[in-house]
Amino acid sequence: MDLRDSAPLIVQNDLTVLLETDHEDFEAVRAELAWIAELIKSPKYLHTYRITPLSLWNAAASGIASARIVHFLEEKSKYGIPRKAAEQIIETHNRYGLLRLISANGCLLLESERPELLAQIKGRQDFRRFISGSSGLSDAAETPDFLVIRPDLRGLLKQELTRLGYPVIDQAGYHSGEELPVSLSGVTLRGYQEQAVDSFRSPAGTDSGSGVLVLPCGAGKTVIGIAVMARLSCATLILTTHITSVRQWMKEIRAKTDLDESRIGEYSGAHKQVSPITIATYQILTHRREKGGEQVHMNLFNSRDWGLIIYDEVHLLPAPVFRATADIQATRRLGLTATLVREDGREADVFSLIGPKLYDMPWKKLEESGWIARVTCSEVAVGMPRESMRLYYEADKRSRFRIAGENPAKIDVVMKILQRHKDEFILIIGQYLDQLRGIAKRLNLPLITGGMPQTDRERLYQDFRAGKVKVLAVSKVANFAVDLPDASVAVQVSGSYGSRQEEAQRLGRILRPKREANRAFFYTLVSKGTTEQEYALNRRVFLLEQGYEYRMEEGNDEL
DNA sequence: CCGAAGGCAG
DNA sequence: AATTTTGCCTTCGG
């Protein structure tokens with residue numbers, strides 16, 4: 001084994017990978033590593049990644065060969081790859097594709113080049129329920145060429161086999177659904193958007209037909225969804241997180257296709273229209289009248305012959321919708337998201353029930369080509385005044401986070417930042433209403449919270465867009481409001497615990513391309529010597545994974 | 001038919 | 001481990 005002291009990686013036996021952050025190749029190696037591993041820890045000088053079965057299968061699905069992975073790791077690591085680790089990478093990677101679902105003569109078949117694997121599955125008590133009738137051979141002891149699978153259990157089977165470590169490539173095809181001619185009008189897709197749409201379409205011969213596209217905020221996920229709809233030209237059900245997003249989809253579909261208004265419907269609390277294009281929230285699907293009661297709106301999946309279902313923000317898809325999705329595997333499914341990471345660890349279910357990752361556009365690449373603003377992130381350490389520190393130490397564990405979050409010294413730091421960015425549009429985002437009210441009062445800023453009526457909000461947005469107001473304080477509504485105007489500076493004064501999701505969303509607020517210098521600034525204020533620092537560490541993980549760096553600043557002198 | 005207000009759940 | 005916001009349902013008044 002030759003020694004490459006100058007290489008930035010160390011690959012360990014357990015498939016964790018360490019990456020030196022001050023290495024000259026850091027950025028290039030990080031970008032490559034992001035395709036095959038997940039970032040799990042990110043202290044300043046040494047980031048820890050883990051290569052998981054799922055990360056390898058997603059890589060396999062996007063066409064990255066195991067040889068390329070091993071070669072890359074070999075070349076970029078100081079001590080090469082331990083033999084065991086290389087074997088395991090190849091073994092796991094190669095399992096993707098061992099099992100295939102196909103349909104023949106109207107039957108659903110599970111086939112493999114490894115008949116002994118099929119025999120093993122057939123022999124398992126807990127897989128008996130998936131197999132229907134005979135498996136092509138009468139003698140149970142013989143090794144089968146294929147297994148006949150109950151079509152209604154197609155989803156569950158894939159879920160179970162993925163859990164067992166044998167993901168299935170599903171080539172059994174899809175029903176085409178009700179026809180609905182759709183053409184795009186007045187839109188030109190950007191290059192990467194075209195690629196994303198293509199990746200969902202049949203790559204030579206095989207029909208991918210289901211899977212997930214990963215794109216940053218502001219990359220135009222809606223347009224891509226609409227373009228897929230136009231290519232397939234069939235009745236489509238679109239599921240999304242909240243009503244504003246439902247309306248957003250409607251608006252864009254109206255603007256960007258030749259569809260008549262009557263063909264587009266909203267299925268929500270207010271309107272229950274089932275049109276050839278129907279847009280609904282996840283909430284209405286999961287809603288129960290009483291605890292443990294029936295989910296009356298789940299029928300939406302069967303209330304029309306959908307040819308395509310679009311899952312917007314697929315990382316937020318709730319458990320009952322997974323269950324319903326297992327039953328409709330013959331329908332094409334498109335997942336859209338900015339991150340495949342879920343806080344509940346159900347990435348494997350996204351993989352087996354929605355589909356594998358088909359396309360991934362890293363944030364940094366979009367930044368390079370100017371489609372989103374270049375952002376400088378800073379973490380500002382703010383010391384706590386003696387009185388708050390005393391309260392902090394006296395408080396029980398659960399109140400501490402809030403006391404640190406509401407650190408009154410943060411106001412002065414906010415003022416300094418406002419000074420630094422005097423003529424720019426600034427959002428001040430926080431978690432606690434008391435804190436925000438305090439800041440808004442001291443600095444004489446308008447404050448938007450969930451309690452503010454929609455019309456009042458819109459008036460403020462307008463003033464902001466017109467430049468009459470340049471600094472706006474906002475509560476958690478900033479995480480959801482689609483129509484919140486764009487700013488070039490965001491100051492996060494507090495957040496909800498370790499949510500990576502939230503950090504990414506808030507950064508998303510300032511990503512829209514800027515007129516002159518295409519730059520934006522993201523500040524996050526963290527109280528020194530408190531638990532807030534640990535949570536901040538976790539919040540950063542997702543953005544670090546995307547290649548953002550955080551500058552460390554001191555907000556005030558020691559108190 | 002529509003929108004607003006109040007309650008509850010996630 | 002917890003604050004806030006949102007969405008859905010029901011009821012009520014026009």
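By convention in this document, chain letters (A, B, ...) are assigned in the order of the sequence lines, proteins followed by strands, and residues within each chain are numbered from 1.
Backbone-only contact: A:Arg457 has heavy atoms under 4.0 Å from sugar-phosphate atoms and none from a base. Heavy atoms of A:Tyr497 sit under 4.0 angstrom from at least one base atom.
Side chain of A:Asn538 to main chain of A:Gly498: a donor-acceptor pair is present (N/O by atom type, distance under 3.5 Å, no hydrogens or angles). A side-chain donor-acceptor contact under 3.5 Å links A:Thr162 to the backbone of A:Lys158.
Rounded to an integer number of Å, the gap from A:Gln431 CD to C:dA2 C1' is 8 Å. At whole-Å resolution of the value, OH in A:Tyr267 and P in C:dC8 are 10 Å apart. Between A:His287 atom NE2 and B:dG7 atom P the separation is 16 Å, expressed in whole Å. Residue A:Asp344 contributes atom CG, which lies 16 Å from atom P of B:dG10 at whole-angstrom precision. Atom CG of A:Leu447 is separated from atom P of C:dT4 by 12 Å (rounded to the nearest Å). The CD1-P distance, from A:Ile403 to C:dA1, rounds to 16 Å in whole Å. C:dT5 atom C1' lies 13 Å from atom CD of A:Gln505, rounded to whole Å. In this structure, A:Gln454 places its CD atom 16 Å from C1' of B:dA5, rounding to the nearest Å.
Contact between the side-chain N/O atoms of A:Ser475 and the OP1/OP2 oxygens of C:dT5 is found at a separation under 4.0 Å. The side chain of A:Lys272 places an N or O atom within less than 4.0 Å of a non-bridging phosphate oxygen (OP1 or OP2) of C:dC9. Residue A:His271 has no polar side-chain atom (N or O) positioned under 4.0 Å from OP1 or OP2 of B:dG3. Not one side-chain nitrogen or oxygen of A:Thr449 sits closer than 4.0 Å to the OP1 or OP2 atom of C:dT4.
With respect to A:Glu266 and A:Arg247, a salt bridge is recorded, a charged nitrogen being found less than 4.0 Å from a carboxylate O.
The CZ atom of A:Arg402 sits 12.5 Å away from the CD atom of A:Glu532 when rounded to the nearest 0.5 Å.
Of the candidates C:dA1, C:dC8, C:dT3, the closest approach to any side-chain atom of A:Arg398 belongs to C:dA1. Checking C:dC8, C:dT3, C:dA2 against the side-chain heavy atoms of A:Lys476 singles out C:dT3 as nearest.
Geometrically, A:Lys364 engages A:Tyr548 in a cation-pi contact defined by less than 6.0 Å to the ring centre and at most 45° from the axis.
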